[in-house]
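Report on the structure given below.
Reckoned from all heavy atoms, side chains included, excluding hydrogens, waters and symmetry mates. Chain A is the first sequence line, chain B the second, and so forth, proteins listed ahead of strands; every chain is numbered from 1.
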Amino acid sequence: MEEHTISNHKDYLSTLNEPQRAAVLHGEGPLMIIAGAGSGKTRVLTYRIAHLIENGVDPFRILSLTFTNKASGEMRHRIEAAVGTEARNIWMGTFHSVFAKILRIEARYLGYTSDFSIYDTDDSKSLLRSIIKEFNLDDKTYKANVVFNRISGAKNRLISADDYINNPVIQADDDAAKMKEIGRLYKTYATRCFQANAMDFDDLLFNTNILFRDFPDVLYKYQHKFKHVMVDEFQDTNVSQYLITRKLSAVHRNIVVVGDDAQSIYAFRGANIENILNFEKDFPDVKTIKLEQNYRSTSNIVNAANSVIARNKAQLEKTTFTQNEEGALIDVIKAGSDNEEGRLVATAIFEEKMQKALRNENFAILYRTNAQSRSFEEALRKLGIKYRIIGGQSFYQRKEIKDLLAYLRFTVNQRDEEAFKRIINLPKRGIGDTTVAKIAVAASENNLPIWEVVANIGQYASGRTIAPIEQFATLIKSFKIQVEEGKDAYKISAHIAKTSGILRELYEDKTVEGLSRYENVQELLNGIKEFVDSEANEDKTLSAFLQSVSLLTNADEPDDNNDHDRVTMMTIHSAKGLEFRNVFIVGLEEDLFPSQMMLENRQDLEEERRLFYVAITRAEKKLSFSYAESRYQWGRIKMCEPSRFLLEVDNRFLNVSKMVQNALERDTTPPVTSFARNLIQRKPSEPARAVSPQSAHTPSTDFVPSDTFDLAEGDKVEHLKFGFGEVVKMDVNGTDRKATVKFNLVGEKTLLLSFAKLRILK
DNA sequence: GGGACATAAGTTTTT
DNA sequence: CTTATGTCCC
């Protein structure tokens with residue numbers, strides 16, 4: 001990564017190109033920066049903020065919103081290098097962290113206390129599961145996952161539970177999906193969160209909107225406070241986030257948004273490219289600056305990336321180019337299996353490292369799904385190459401960590417239902433599910449928070465469960481006293497870890513896993529100590545620590561400072577904003593990347609393509625693609641075919657060996673897949689037509705995907721790879737149905753395949 | 001209430 | 001293959 005230390009501020013302007021300088025020096029009024037990959041956008045943002053501060057703008061009055069904690073940390077660091085410690089006072093962070101901070105300050109307006117808990121996705125789903133159970137709904141039709149996504153989607157569009165229930169379109173939708181109770185679930189879920197003094201991730205934005213909508217004087221305060229508002233990764237903001245920033249900048253109108261529509265990869269989470277178009281409508285006097293020159297990558301890499309994105313229809317007008325050298329061609333590596341893919345990539349890293357005298361940290365392996373990391377780990381370990389994995393199961397998602405955090409959460413906020421459920425019987429105190437359910441019933445019957453029942457259990461229950469619950473209540477009360485005495489987060493946490501018995505239980509577990517769990521808890525305690533010792537944190541209370549920790553993501557793992565010369569492995573999503581000298585994009589197989597799920601559920605090939613674009617543009621000097629012909633998955637060998645994305649990259653930029661060339665060009669043997677996506681029902685009137693492998697990927701209008709049809713035995717169908725077939729058997733099970741189809745292959749062979757999950761047409 | 005065992009279900013990306 | 005849930009029995 002380039003060094004951007006600014007020693008003399010006159011110098012830095014001279015290092016910028018024309019549009020970059022214009023963006024840094026832009027005065028008042030709205031500005032939109034469309035910044036291609038590698039065009040120095042972080043640099044521009046950094047210099048702009050430094051420039052504002054040098055020209056007398058109070059750092060307290062600058063709000064800078066980024067997408068990850070890492071990005072904001074790095075930007076703050078760079079600005080500090082330019083303008084000194086003043087940079088600490090900038091309001092900078094992710095949307096979620098900045099607005100969590102504001103919500104804590106203003107919590108009372110919404111009926112929360114400033115100690116509110118933040119529910120992570122697991123908490124939310126667990127709460128939903130309980131509610132679904134309480135409603136006596138079938139948990140096969142009402143899956144917590146699906147319900148959660150519906151609620152989350154609604155919140156991101158600022159639809160409250162009441163709006164949801166009263167909206168006929170949404171209700172018709174839910175009816176059609178046979179889940180008409182979602183509105184009621186949403187309502188109860190929201191109530192329960194509120195009663196628990198808890199907000200989920202979406203609430204942090206949703207409630208900020210409510211706060212600014214219903215309390216004009218609060219809005220007034222922040223509108224006037226923030227003289228300058230900056231939004232990074234604007235293409236990934238959702239409606240809820242956009243409305244907040246729009247409101248905040250309505251007074252001073254100094255809003256700068258930076259984005260690249262080609263790098264929008266979070267539509268699945270509600271990100272909305274239309275924000276870019278709305279921005280021009282809402283701020284008609286907006287000035288637009290395009291940063292189109294790529295400084296990061298060789299021209300082969302930039303051109304390859306452009307050739308991929310050029311296939312997308314939805315995009316803004318922009319031409320990215322580079323004046324960098326042509327550089328090496330893109331290597332295409334073909335492997336027979338996932339394990340071989342691991343070995344070949346590891347070997348390639350080893351050789352390149354030796355030949356060019358590179359370091360481990362120059363390399364990154366990027367994949368579509370976290371589960372792919374295994375084969376690379378094994379191969380790298382065998383060659384003695386150090387690596388680090390970003391993502392996967394995050395440190396903060398481990399059971400033992402969440403357990404201790406639940407204790408801390410409950411100590412701070414006794415209404416936190418999810419934390420309560422986690423710790424009431426941990427370590428084992430002989431309080432089982434039935435007792436917990438009884439407490440919950442007593443609480444709701446008397447309309448009391450759970451803690452009130454627990455603390456006065458004698459009034460609500462009798463028998464042998466009373467004693468352990470009273471002990472538990474005493475324990476929590478003793479923790480609470482420490483908080484009230486004003487002890488810092490570390491002292492309290494260490495005390496809780498010891499007295500609760502969590503540490504002891506783990507200590508007594510002498511298995512390998514037990515040992516590592518014990519170490520993890522110690523590491524968390526060390527982390528808390530660091531938090532308390534750090535000068536940057538003024539507020540050292542437990543509550544403040546919990547706030548900071550609940551919004552950490554897997555990209556913010558505690559980093560080993562002395563040991564960062566490692567190959568980095570991560571998903572492409574986590575790689576956004578990063579750059580590496582050598583990049584390997586692996587697992588380029590159909591249905592893996594592009595993801596089968598993405599195509600089936602959202603039919604959004606373009607977002608997958610943008611993801612590929614993001615991956616390619618991470619590379620500075622050297623890029624390699626790899627794919628495997630077979631993959632071990634769920635205990636089976638799955639046959640794979642090369643991703644269409646491989647074929648979409650302009651051949652001029654690829655370095656394809658003869659062997660791989662042949663493999664890419666030959667008719668691939670039909671892999672045994674069972675996805676209905678490939679099954680096409682022929683309209684009766686259409687004449688038969690041969691299907692070529694090329695056209696197989698883009699069904700013409702003559703064909704309709706079978707999952708919109710109700711197949712029956714005897715129906716003639718066509719499969720994109722296997723050709724014509726006949727439905728010989730239908731199995732119906734609720735809304736799911738499975739078709740068994742007989743195909744006649746060339747050479748009079750027959751093939752029987754089952755296609756699951758065909759949706760019934762109403 | 002809790003341990004041992006059996007069965008079923010889920011597998012995209014993340015603030 | 002992993003993980004969560006269900007069932008049996010003490």
When you check the gap from the basic side-chain N to the acidic O, do A:Arg368 and A:Glu608 get nearer than 4.0 Å?
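A salt bridge links A:Arg368 with A:Glu608.
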
Taking NZ, NE, NH1 and NH2 as the nitrogens, is one of them in A:Arg631 or A:Glu341 under 4.0 Å from a carboxylate oxygen of the other?
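Salt bridge between A:Arg631 and A:Glu341, a charged N being under 4.0 Å from a carboxylate O: yes.
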
Which nucleotide sits closest to the side chain of A:Arg368: B:dT12, B:dT15, B:dT14?
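Per side-chain heavy atoms of A:Arg368, the pick is B:dT12.
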
Give the nucleotide from the list B:dT13, B:dT11, C:dT5 with an atom nearest to the side chain of A:Asn145.
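Of the options given, the side chain of A:Asn145 lies nearest B:dT11.
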
Counterpart residues, salt bridge (Lys or Arg N to Asp or Glu O under 4.0 Å), relative to A:Glu233 (two or more places apart):
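A:Lys41, A:Lys576.
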
Partners of A:Arg374 by salt bridge (Lys or Arg N to Asp or Glu O under 4.0 Å), sequence neighbours excluded?
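Counting only residues at least two positions away or on another chain, A:Arg374 forms a salt bridge (Lys or Arg N to Asp or Glu O under 4.0 Å) with A:Glu378.
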
Aromatic ring of A:Tyr266 stacked on base six-ring of B:dT14, 5.5 Å, 30°:
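Given the distance and angle limits, no, they do not stack.
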
OP1, OP2 of [N] versus side-chain N and O of [X]: anything below 4.0 Å?
X        : N      : answer
A:Asn370 : B:dT13 : yes
A:Ser574 : B:dT14 : yes
A:Ser97  : B:dT15 : no

Need to verify one output field. Residue with the more 5' nearest nucleotide on DNA chain B, A:Thr369 or A:His96?
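In this pair, the answer is A:Thr369.
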
d([atom1], [X]; [atom2], [N]) in whole Å:
X        : N      : atom1 : atom2 : result
A:Asp338 : C:dC1  : CG    : P     : 14 Å
A:Asp122 : B:dT15 : CG    : P     : 14 Å
A:Lys143 : B:dA9  : NZ    : P     : 9 Å
A:Lys133 : C:dG6  : NZ    : C1'   : 10 Å
A:Gln372 : B:dT12 : CD    : P     : 12 Å
A:Glu608 : B:dT12 : CD    : C1'   : 8 Å
A:Glu607 : B:dT14 : CD    : P     : 13 Å
A:Lys399 : C:dA4  : NZ    : P     : 11 Å

More than 12 heavy atoms of other residues, nucleotides or ligands under 6.0 Å from CZ of A:Arg381: yes or no?
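Counting other residues, nucleotides and ligands, CZ of A:Arg381 exceeds 12 neighbours.
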
Just to verify, what does A:Asp403 make a side-chain contact (heavy atoms from CB on, under 4.5 Å) with, not counting sequence neighbours?
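By the side-chain contact (heavy atoms from CB on, under 4.5 Å) rule, A:Asp403 matches A:Lys399, A:Arg422, A:Leu426, A:Ile502.
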
Which residue pairs pass the salt bridge (Lys or Arg N to Asp or Glu O under 4.0 Å) test with at least one member in residues 98-107 of chain A, sequence neighbours excluded?
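Salt bridge (Lys or Arg N to Asp or Glu O under 4.0 Å) check on residues 98-107 of chain A returns A:Glu106-A:Lys221.
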
Please collect all salt bridge (Lys or Arg N to Asp or Glu O under 4.0 Å) contacts where either partner lies in residues 265-275 of chain A, sequence neighbours excluded, each pair once.
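Listed once each, the pairs would be none.
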
Atom P, compared across C:dA4 and B:dT13: separation rounded to whole Å
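The same atom, P, in both gives a distance of 16 Å.
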
For B:dT12 and C:dT5, measure between their C1' atoms and round to the nearest Å.
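These two C1' atoms come out 24 Å apart once rounded.
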
What's A:Thr121 touching, base or sugar-phosphate or nothing? Going by heavy atoms closer than 4.0 Å.
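Base, at least one base atom sits under 4.0 Å.
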
Could you list, one pair per line, each protein nitrogen or oxygen that sits under 3.5 Å from a nitrogen or oxygen of nucleotides 2-5 of chain B, together with the distance?
from, atom 1, to, atom 2, distance (Å)
B:dG2, OP1, A:Gly430, N, 3.1
B:dG2, OP2, A:Asn425, ND2, 3.2

